[in-house]
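Worksheet for the structure shown next.
Residues take their numbers from the sequence shown, with the count starting at 1.
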Amino acid sequence: MKRRLAALLAVLQLLVCAVPAAAAEWDPHAPLLSQPDLPELAGTMPQSEETEDAFRVTVSFTGDMLLASLQGKRAAGNFLDYAAKQEPAYFLQHVRPIFEADDFTVVNLENVLTDRNLTPKEKDTDPAYWFRAPTANTDILTSSGVEAVSLANNHTGDYGTAGYKDTVKAVSAAGLEYGGNDRTFYLEKYGYRIAVICHGLWNEGQAGSILRRLKAAEQESDFQVVFCHGGAEGTHTPEAWRVRASRRLVDGGADLILGNHPHVLQPREVYQGKEIVYSLGNFCFGGSRGPENRTVIYQLILQVENGELASVSSELIPCYVHTGGRVNNYCPAPIEDEAQRQRVLDFMDGKVKLPC
């Protein structure tokens with residue numbers, strides 16, 4: 001055994017939701033997409049009644065959190081401009097109750113944190129982007145119930161090794177746990193351990209490296225989550241190779257696969273009884289003034305009884321990426337309109353082609 005989201009409105013919606021055409025290799029409406037049918041959470045009890053022999057573990061995950069601006073420069077209306085004018089708790093004020101009510105919150109932190117004027121790393125992409133922010137921006141996370149971050153993405157290396165090391169130092173000094181391509185972290189409650197394996201997934205071959213980390217993590221934990229970063233940007237459909245790679249990880253022992261990087265939502269499926277979410281999209285995102293305005297908080301819920309996993313379930317909490325109209329105000333919030341909530345959930349279950 002293993003150890004332990006009238007004409008003008010229609011026009012605005014099209015502007016917000018417009019993305020490149022989806023890849024043709026994988027059809028979310030085809031039979032290969034299993035609709036999520038995870039076991040129902042049975043025998044749950046209020047946390048006040050929990051004991052070491054019977055308890056629940058709830059872990060929230062979000063997609064891309066980019067708490068910075070291009071090249072660390074402040075300009076009117078960009079993220080660092082907001083950060084200079086607002087208290088840190090402003091950004092996650094609407095989701096803070098969710099993050100504080102769970103046991104752990106894990107986000108993908110997609111920028112460098114440094115107080116030095118570092119030289120950006122050369123890139124061969126066009127256009128190219130570099131994102132950095134002062135180390136004080138960790139207060140945005142710690143003021144709102146976030147406990148851990150993934151640094152396994154394509155922007156924590158924007159300022160080379162020095163920038164990455166500064167970022168590690170900043171999140172560690174703030175009391176945040178972190179994971180990277182070579183570092184697995186563990187979340188523990190009453191001795192039950194959840195491994196979070198953060199890793200880039202830029203090609204199918206990288207699944208091999210993740211599998212090796214999975215095998216090592218199995219010896220140290222009871223439940224293994226792969227939090228991976230990669231795939232084509234701006235498409236609501238995962239590439240065929242990423243579907244194959246994700247399923248291979250499940251075959252290799254992963255209990256849950258969560259993807260990020262495409263900057264838009266992509267559907268989920270259940271494969272061999274395990275859930276795969278191909279993209280959680282953006283969350284609090286300083287990289288764009290007009291990101292697609294739908295995302296989710298993914299909540300993993302484990303019921304543990306007498307040291308054994310009794311049941312596993314999940315909940316998707318549909319959210320807006322921003323709440324400032326057409327322009328990003330970097331302030332995500334749960335969607336309260338029932339029709340819009342259901343649209344996101346239907347998309348995540350492969351019932352509609354777009355989340356909004």
Side-chain angles (χ1 to χ4, degrees), residues 1-4 38-39 41 52 55-63 65 99 102-109 141 146-153 156 168 171-172 175-201 206-230 242 245-261 268 270-278 280 297-315:
M1 166 193 142
K2 299 174 185 176
R3 285 204 43 174
R4 337 244 182 326
L38 298 178
L41 189 63
E52 292 188 19
F55 59 90
R56 180 174 62 185
V57 187
T58 302
V59 187
S60 301
F61 293 86
T62 79
M65 285 248 208
F99 294 165
D102 63 20
D103 292 293
F104 307 100
T105 300
V106 183
V107 307
N108 178 51
L109 179 62
L141 303 174
V146 176
E147 284 83 19
V149 300
S150 171
L151 303 180
N153 57 66
T156 51
V168 168
V171 298
S172 298
L176 295 164
E177 187 56 88
Y178 76 94
N181 286 315
D182 57 358
R183 188 178 195 273
T184 299
F185 68 86
Y186 299 87
L187 307 172
E188 184 171 338
K189 182 174 181 178
Y190 293 135
Y192 191 88
R193 302 191 84 202
I194 301 170
V196 182
I197 301 162
C198 306
H199 206 282
L201 188 59
Q206 285 187 299
S209 298
I210 300 173
L211 284 170
R212 288 189 287 273
R213 293 182 62 191
L214 263 171
K215 293 303 179 185
E218 285 178 354
Q219 306 305 311
E220 305 292 335
S221 60
D222 306 288
F223 193 95
Q224 292 81 43
V225 179
V226 175
F227 199 33
C228 52
H229 193 87
R242 201 149 55 89
S246 298
R247 293 177 177 184
R248 181 184 172 193
L249 295 176
V250 170
D251 291 336
D255 294 303
L256 172 65
I257 311 290
L258 299 174
N260 47 66
H261 177 69
R268 61 179 175 173
V270 172
Y271 170 74
Q272 302 286 29
K274 309 296 184 180
E275 197 165 13
I276 301 170
V277 181
Y278 287 100
L280 293 173
I297 298 169
Y298 178 97
Q299 288 199 318
L300 169 68
I301 305 163
L302 305 179
Q303 184 73 24
V304 182
E305 298 178 4
N306 298 315
E308 304 285 343
L309 182 62
S311 65
V312 55
S313 65
S314 66
E315 180 180 357

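- With Val225 as the partner, the side-chain contact (heavy atoms from CB on, under 4.5 Å) test is satisfied by one option alone out of Leu300, Leu187, Ile257: Leu300.
- Residues Glu177 and Phe104 are not in side-chain contact: their nearest non-hydrogen atoms beyond the backbone lie 4.5 Å or more apart.
- A donor-acceptor distance shorter than 3.5 angstrom exists from the side chain of Asp103 to the backbone of Thr58, with no hydrogens or angles considered.
- The line from CD of Gln206 to CG of Leu249 is 11.0 Å long, rounded to the nearest 0.5 Å.
- The two residues Asn181 and Gly200 come nearest to each other via the heavy atoms OD1-N, 2.8 Å.
- A distance of 3.5 Å separates CZ in Arg213 from OG1 in Thr184, rounded to the nearest 0.5 Å.
- Closest heavy-atom contact between Ala254 and Val226: CB-CG2, 4.0 Å.
- A donor-acceptor pair under 3.5 Å is formed between the side chain of Glu147 and the backbone N or O of Thr105.
- Nearest heavy atom pair, residue Ala148 against residue Leu176, reads N-CD2, 4.2 Å.
- Across every non-hydrogen atom of Leu201 and Ser246, the tightest pair is CD2-OG, 4.5 Å.
- Listed here is the closest heavy atom pair of Asn260 and Gly63: CB-CA, 4.4 Å.
- For the pair Phe227 and Leu280, the minimum side-chain heavy-atom distance is below 4.5 Å.
- When each of Arg268, Glu275, Glu315 is paired with Tyr298, the side chain to side chain donor-acceptor pair (under 3.5 Å) condition holds for Glu275 and for no other.
- Side-chain contact between Ser150 and His229 is absent, with no heavy atoms from C-beta onward closer than 4.5 Å.
- At least one side-chain heavy atom of Leu151 sits less than 4.5 Å from a side-chain heavy atom of Leu109.
- Using a 3.5 Å distance cut-off with no hydrogens or angles, the side chains of Asn153 and Asn108 do pair a donor with an acceptor.
- Counting only distance, with no hydrogens or angles, the side chain of Lys215 and the backbone of Gly253 share no donor-acceptor pair below 3.5 Å.
- A cation-pi arrangement is present between Arg183 and Tyr178, with the terminal nitrogen or guanidinium carbon under 6.0 Å from the aromatic centre and inside a 45° cone about the axis.
- Side-chain contact check for Tyr190 versus Val304: every heavy-atom pair is 4.5 Å or farther apart.
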Between Cys228 and Arg242, does the side-chain contact (heavy atoms from CB on, under 4.5 Å) criterion hold? Intermediate values first, please. CA-CA 11 Å; Cys228 52; Arg242 201 149 55 89; over 6 Å; no
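- Within the 4.5 Å cutoff, side-chain heavy atoms of Tyr192 are placed close to those of Leu309.
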Walk me through it: do Ile194 and Leu302 pass the test side-chain contact (heavy atoms from CB on, under 4.5 Å)? CA-CA 10 Å; Ile194 301 170; Leu302 305 179; 3.8 Å; yes
Full working for side-chain contact (heavy atoms from CB on, under 4.5 Å) between His199 and Ser209: CA-CA 9 Å; His199 206 282; Ser209 298; 4.0 Å; yes
Go through the steps for Cys198 and Val196 under the test side-chain contact (heavy atoms from CB on, under 4.5 Å), then give the verdict. CA-CA 6 Å; Cys198 306; Val196 182; 4.0 Å; yes
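- Closest approach of Arg56 and Lys189 over heavy atoms only: O-NZ, 2.7 Å.
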